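Computed over heavy atoms, backbone and side chain alike; hydrogens, waters and symmetry mates excluded. Residues take their numbers from the sequence shown, with the count starting at 1. Values in this document were obtained by computation on a predicted structure and should not be read as measured data.
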Amino acid sequence: MNKHNSQSGVVLPVSQFIVAIILLLVGLPSYSQSSSPQLYDNDDPSFSPELLSVRTLVKANVLDLAQLILETEGPPGLPNKAWLNWERQLWKLYQVRGNWQGLYQRTRQIPPAFPKKIHKEADTQAIYALVELNDGKKARVLLRKHLSSGNLLELERRRFRKLLIESYLADDLLTEAGVAMKNYQSDFDSAEEDWLLLSAKIYLKHNYPNSAANLLSTITIPAARLLRIFSRLKNQSIDQARAVSEAKQLFAELQFLSDRSAVKAHQVLAVIIYAKHSSDLFPPAVDELEQYLIEIGDEISESDNVYPQYNIADLLAAYKETALAEVIQAKLLNGDNLGLLDYVIQLPAKEAARKKTLYGYLLQSPKDQFVRQQLNNLFVTSLIQSDRIDIIPQLYGAHKPFGKLALSGDVGLELSNAALAMGNIRLAAEVNQALTELPQGMDRADWLLHTARISIIAGDYDKGANDLMLWIEESEKLEPEQTDRVLQPIFDLQTANQHELALKLLHAVNTRSSSARHRREIAYWIAESYQATRQYIKAANYFLFSALQKKNGFDQWGESARYRAAESLLSANLISDSRALFKDLLARASTASRKTQLKQKLQQLWLHESSLNSIESVQ
């Protein structure tokens with residue numbers, strides 16, 4: 001088996017897994033995060049090569065790596081242009097990614113001895129973050145420090161005055177925000193777009209939609225367009241159907257915006273939901289509510305406060321309203337849930353979205369556990385078919401509307417596979433714990449391997465390793481096919497740097513494997529984990545054992561194992577043994593490139609030995 005050709009290796013990010021792209025229904029396009037954020041208009045000629053390298057990662061949308069480098073590397077902490085450029089790039093990346101807590105914490109790490117100008121810039125970023133975190137009170141502490149200093153340029157004073165107003169909005173202090181708005185306009189007579197947007201928000205919060213719509217009439221940026229649609233809905237100068245159409249058009253454009261922070265998908269969805277709820281022309285906005293809840297998760301920022309906000313109770317109400325309308329239309333008896341259940345089951349498979357809504361209503365009432373589990377199976381199946389499985393964590397679990405997620409084996413396996421396909425690894429792992437029975441056609445051994453693999457990919461390494469050990473210990477002897485299957489998730493552990501767990505499992509497999517070929521390969525993988533944990537002598541021992549199982553270790557596999565053994569011996573400072581192995585390989589090298597590589601290794605070995613001798617002579 002070639003581990004490096006396996007499709008199983010998954011490198012887990014330090015942070016949580018990225019949730020897959022949500023597929024939007026009812027004519028809405030999928031909201032993609034594929035294009036890279038625009039952090040600066042142009043590359044500053046003063047940027048260092050290291051910072052330009054990070055910017056290349058940002059342009060390629062490799063944001064986790066870019067952030068890791070920016071957080072852990074960079075120029076020395078000196079108050080110079082190179083250091084400040086580096087910090088500004090990280091601050092902007094936090095903004096684009098909506099990591100307001102990270103932005104705030106980073107700005108609090110500026111050394112006290114740095115110039116006041118740098119502290120002012122860092123404080124400005126901290127204030128932005130606090131406003132978005134809805135901590136207006138803490139933001140105002142910083143704002144008042146600078147506003148009372150008397151050392152502000154006019155542009156800085158304007159910026160801080162506007163941020164002061166936003167801090168009031170974050171705390172829902174509408175009277176203070178209104179007074180501050182009037183004072184600002186009196187002092188600066190401003191017509192800047194950001195000021196008009198902020199003023200429109202205040203008017204909307206005070207329930208003056210006419211004033212908000214008038215302010216926004218000439219502004220065409222997406223944020224203004226959405227506020228204008230919402231303002232015109234509030235003052236009834238636009239009908240709901242047109243508002244929905246315009247909001248959907250704006251939604252379709254979101255995927256092409258380089259700066260997504262200006263308008264968020266859930267804000268547009270909130271306006272669509274509001275428009276539909278305000279009209280008898282539309283059925284309840286079930287699909288948009290599901291999309292909204294999936295998009296927003298648990299985070300509400302200051303910029304959301306002007307728009308309607310919805311929660312899981314609104315979705316449950318929409319399920320109920322839709323179901324009761326269906327009962328009337330189908331001429332069913334009101335309250336006859338068994339009759340409604342039979343009616344829904346008879347609906348064709350293409351009506352998955354409709355079935356999902358009706359099952360969502362029925363799940364709000366049954367107390368019988370058997371009936372509830374059957375409804376769970378039906379509801380989850382319809383969620384899978386309508387691409388809505390990401391709503392499950394908000395509906396199921398402790399203190400959630402539908403309680404514990406209990407599923408039959410087949411439905412659970414289907415949901416687990418669907419979650420994996422969408423990249424929702426955490427959900428796949430949770431589903432495995434929710435099954436009340438094994439899927440049909442899958443025995444306990446198959447299930448242990450399946451759950452172990454998902455647990456490992458989800459980062460629950462101990463549970464995954466325990467399941468694998470249970471699987472291994474149930475067999476006194478492993479056939480080649482069994483060995484291949486169990487090695488795949490062990491390779492995942494190695495990929496995730498869980499070498500201690502991998503070593504225990506590899507040794508257990510090694511003692512049971514019936515195949516000499518596998519024992520040779522397993523010895524190699526054991527050696528790799530010993531090398532990764534800096535147990536170099538053990539690594540060399542297993543590499544050599546792997547090498548010498550065939551043709552004295554001079555076949556292609558054996559030469560690779562000998563080479564790795566020589567490297568391990570070098571790391572253990574066993575110079576003579578390492579040199580012997582490299583010389584044996586050089587004597588049998590058949591290509592010029594291979595000979596050059598081995599000669600370079602021998603030269604490195606001499607240099608390493610000289611360095612060790614030099615250290616000993618000094619001592």
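The environment of CD in Glu474 is crowded: more than 12 heavy-atom neighbours from other residues, nucleotides or ligands sit within 6.0 Å. The neighbour count for Arg534 CZ, taken as heavy atoms of other residues, nucleotides or ligands under 6.0 Å away, does not exceed 12. Within a 6.0 Å sphere centred on NZ of Lys583, other residues, nucleotides and ligands contribute 12 heavy atoms or fewer. A 6.0 Å sphere centred on CD of Gln109 holds more than 12 heavy atoms belonging to other residues, nucleotides or ligands.
Among all heavy-atom pairs drawn from Tyr104 and Ala126, the shortest one is CD1-CB, 3.8 Å. Of all the heavy atoms in Ile110 and Thr107, the pair that sits closest is CG1-O, 3.3 Å. Closest approach of Ala561 and Ala547 over heavy atoms only: CB-CB, 3.7 Å. In this structure, Leu438 and Asp443 approach most closely via the heavy-atom pair CD1-C, 3.9 Å. Summarising the geometry of Ser578 relative to Leu605, their closest heavy-atom pair is OG-CD1, 3.4 Å, with the distance given to 0.1 Å. The two residues Asn377 and Ser408 come nearest to each other via the heavy atoms OD1-N, 2.9 Å.
Between the side chains of Gln482 and Arg512, no donor-acceptor pair is found at a separation under 3.5 Å. No side-chain donor from either of Gln105 and Arg108 sits under 3.5 Å from a side-chain acceptor of the other. Asn376 and Tyr396 are linked by a side-chain donor-acceptor pair at a separation below 3.5 angstrom, with hydrogens and angles left out of the test. Glu500 and Thr533 form no side-chain donor-acceptor contact under 3.5 Å, judged by distance and modelled atom types alone. Inspection of the Gln125 and Gln95 side chains reveals an N or O donor paired with an N or O acceptor under 3.5 Å.
A salt bridge does not link Arg106 to Glu71: none of the charged side-chain nitrogens sits closer than 4.0 Å to a carboxylate oxygen. Ion pairing between a basic and an acidic side chain is recognised when a charged N comes within 4.0 Å of a carboxylate O; Glu528 and Arg564 show such pairing. Classification of Asp64 and Arg97 as a salt-bridged pair holds, one side-chain N sitting under 4.0 Å from a carboxylate O.
With hydrogens and angles disregarded, no donor-acceptor distance shorter than 3.5 Å links the side chain of Trp91 to the backbone of Leu103. For Gln549 (side chain) and Phe545 (main-chain N/O), a donor-acceptor pair under 3.5 Å exists by modelled atom type. Judged by distance alone, the side chain of Ser513 and the main-chain N or O of Asn510 form no donor-acceptor pair under 3.5 Å.
For Tyr542 and Tyr524, the ring centers are positioned 6.0 Å apart or more. The distance between the ring centers of Tyr563 and Phe582 falls below 6.0 angstrom.
The distance from atom CG of Leu293 to atom CD of Glu295, rounded to the nearest 0.5 Å, is 10.5 Å. If you take CZ on Arg520 and CH2 on Trp557, they are separated by 7.5 Å, rounding to the nearest 0.5 Å. We find the CG-CD1 distance between Asp492 and Ile454 to be 11.5 Å, quoted to the nearest 0.5 Å. Here NZ of Lys350 is found 12.0 Å from NZ of Lys355. Values are rounded to the nearest 0.5 Å. Within the model, atoms NE2 of His450 and CG of Leu420 stand 6.5 Å from one another, a figure rounded to the nearest 0.5 Å. Once rounded to the nearest 0.5 Å, the distance linking OG of Ser475 with NZ of Lys477 reads 11.5 Å.
Exactly one of Arg519, Arg517, His518 qualifies for a side chain to side chain donor-acceptor pair (under 3.5 Å) with Glu521. That residue is Arg517.
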Would Phe491 and Trp525 count as a side-chain contact (heavy atoms from CB on, under 4.5 Å) if you check the C-alpha gap in whole Å, the side-chain angles of each, and the deciding distance to 0.1 Å? CA-CA 9 Å; Phe491 293 159; Trp525 310 136; 3.5 Å; yes

Atom pairs and distances, side-chain donor-acceptor, residues 465-473, under 3.5 Å, sequence neighbours left out:
| unit_1 | atom_1 | unit_2 | atom_2 | d |
| --- | --- | --- | --- | --- |
| Asn466 | ND2 | Asp462 | O | 3.2 |
| Asp467 | OD2 | Thr451 | OG1 | 3.2 |
| Asp467 | OD2 | Lys463 | NZ | 2.7 |
| Trp471 | NE1 | Ala445 | O | 3.3 |

